Amino acid sequence: DAGCPDAIAGFDAQLRLVFVNPAAAELAGRPAQALIGCGAQQIASTGMFGADFLERLAAVQQGRVAQRVQTRWSRGGEQRWLDLWIVPRAAGDVACFARDITDMKQAEQSLRESIGRDSLTGLMNHAAFHDAVSRALQGGGEAEPVALVLFDLDYLKLINDVHGHQTGD
């Protein structure tokens with residue numbers, strides 16, 4: 001567990017921290033020795049496992065059903081994402097496993113932003129353009145003014161056909 005890059009923490013039936021690996025201590029921003037014996041409330045205050053951790057931990061302990069959540073984690077102004085598992089163990093104990101998934105979340109956001117865009121020009125494709133126009137026209141009374149400018153490039157198809165799309169682009 002000490003060499004595992006994922007954060008691992010174990011709580012006893014009284015929800016006191018009884019095990020923490022180096023990756024989890026790093027999440028908390030404190031040495032592992034300073035965390036052992038701390039109550040769940042203290043651990044939650046470090047932001048170690050993101051928002052709503054205390055409620056989730058108690059729910060897993062009481063309901064004996066594991067929970068998995070993707071949650072934000074922040075320390076020192078740095079925003080990260082965690083894939084967090086909270087798992088019931090024997091005699092009321094609970095284990096937590098967290099993996100940093102920030103890179104995956106950033107890739108997802110990048111894909112979301114690129115959907116509906118032409119990869120060469122960055123302009124909206126046909127479907128995205130119609131969605132944007134529909135949203136703009138439904139804006140309501142306090143929406144910003146909307147203008148639509150259309151123009152036509154004479155002989156663009158001919159340029160593409162004769163000289164290739166790269167020249168036309």
Side-chain angles (χ1 to χ4, degrees), residues 1-125 127-132 134-136 138-140 142-144:
D1 294 336
C4 182
D6 297 335
I8 304 171
F11 293 86
D12 65 13
Q14 288 74 43
L15 294 182
R16 287 186 311 254
L17 193 65
V18 294
F19 173 81
V20 61
N21 75 343
E26 187 177 324
L27 277 183
R30 297 185 185 159
Q33 301 84 351
L35 296 169
I36 299 297
C38 288
Q41 181 104 19
Q42 290 172 285
I43 298 302
S45 72
T46 69
M48 181 175 175
F49 290 120
D52 301 329
F53 170 68
L54 195 57
E55 293 83 10
R56 291 181 187 282
L57 185 67
V60 168
Q61 186 187 41
Q62 292 169 3
R64 309 301 298 157
V65 176
Q67 286 192 22
R68 180 182 185 189
V69 62
Q70 292 181 352
T71 185
R72 290 179 194 242
W73 164 74
S74 177
R75 188 179 68 217
E78 180 186 20
Q79 289 285 321
R80 307 291 293 176
W81 279 93
L82 296 176
D83 184 17
L84 174 65
W85 281 88
I86 305 173
V87 181
R89 305 281 301 199
D93 296 356
V94 180
C96 300
F97 307 90
R99 174 170 287 169
D100 187 330
I101 57 168
T102 304
D103 292 341
M104 181 185 76
K105 284 294 198 179
Q106 289 171 342
E108 283 177 8
Q109 183 62 31
S110 178
L111 284 172
R112 259 189 223 97
E113 290 170 1
S114 70
I115 292 173
R117 299 239 173 230
D118 177 77
S119 62
L120 181 63
T121 65
L123 297 173
M124 289 183 199
N125 65 20
F129 171 76
H130 281 280
D131 288 344
S134 294
R135 281 192 310 274
Q138 295 172 358
E142 295 184 26
E144 292 187 29

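As the structure is a prediction and not an experimental result, all values here were calculated from the model.
By the 4.5 Å heavy-atom criterion applied to side chains, Phe129 and Leu123 are not counted as neighbours. Contact check for Val87 versus Phe97: side-chain heavy atoms found under the 4.5 Å cut-off.
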Inset, instruction - Verify side-chain contact (heavy atoms from CB on, under 4.5 Å) between Phe53 and Ile86, making sure each step is shown before the conclusion. - result: CA-CA 9 Å; Phe53 170 68; Ile86 305 173; 4.0 Å; yes

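Shortest non-hydrogen contact noted between Gln70 and Trp81 is O-CZ3, 3.8 Å. Contact detail for Leu35 and Ala25: the closest heavy-atom pair is CD1-CA, 3.8 Å. Taking each heavy atom of Val65 and Val60 in turn, the nearest pair found is O-CG2, 3.4 Å. Nearest heavy-atom pair, Val20 versus Ala24, reported as atom, atom and distance to 0.1 Å: CG2-CB, 3.3 Å. For the pair Leu82 and Leu27, the tightest heavy-atom approach, listed with the atom from each and the gap, is CD1-CD1, 4.1 Å. Closest approach of Leu84 to Cys96, counting heavy atoms only: CD1-CB, 4.4 Å.
In this structure, CZ in Arg64 is found 10.0 Å from CZ in Arg89, a value given to the nearest 0.5 Å. Here Cys4 contributes atom SG and Asn21 contributes atom CG; the two are 6.0 Å apart, rounded to the nearest 0.5 Å. Here Gln79 contributes atom CD and Trp73 contributes atom CH2; the two are 10.0 Å apart, rounded to the nearest 0.5 Å. Put simply, CD1 on Ile36 and CD on Gln33 are 8.0 Å apart, with the number rounded to the nearest 0.5 Å. For the atom pair CZ (Phe49) and CH2 (Trp85), the distance works out to 14.5 Å, reported to the nearest 0.5 Å. One distance of note links CD1 of Ile115 with CZ of Arg117; it measures 12.0 Å at 0.5 Å rounding.
With sequence neighbours excluded, the residues forming a side chain to side chain contact (heavy atoms under 4.5 Å, CB included) with Glu55 are Asp52, listed by chain and number. Applying the side-chain hydrogen bond (donor to acceptor under 3.5 Å, both in side chains) test to Glu26 and every residue at least two apart in sequence or in another chain returns nothing. Residues passing the salt bridge (charged side-chain N to carboxylate O under 4.0 Å, His left out) test with Arg16, sequence neighbours excluded: Asp12. Residues forming a side chain to side chain contact (heavy atoms under 4.5 Å, CB included) with Leu54 (at least two apart in sequence, or on another chain): Ala40, Gln41, Ala44. In this structure Arg80 satisfies the salt bridge (charged side-chain N to carboxylate O under 4.0 Å, His left out) test together with Glu78, Asp100, sequence neighbours excluded. Applying the salt bridge (charged side-chain N to carboxylate O under 4.0 Å, His left out) rule to Asp131 yields no partners; only residues at least two apart in sequence or on another chain are considered.
Remark: the backbone N or O of Ala107 is not paired with any side-chain donor or acceptor of Ser110 at under 3.5 angstrom. The closest donor-acceptor contact from the side chain of Gln42 to the backbone of Gly39 lies under 3.5 Å. Using modelled atom types, no side-chain atom of Asp118 and backbone atom of Asn125 make a donor-acceptor pair closer than 3.5 Å. For the pair Gln61 (side chain) and Asp93 (backbone), a donor-acceptor distance under 3.5 Å is absent.
With salt bridges taken as basic N to acidic carboxylate O contacts below 4.0 Å, one links Asp6 and Arg99.
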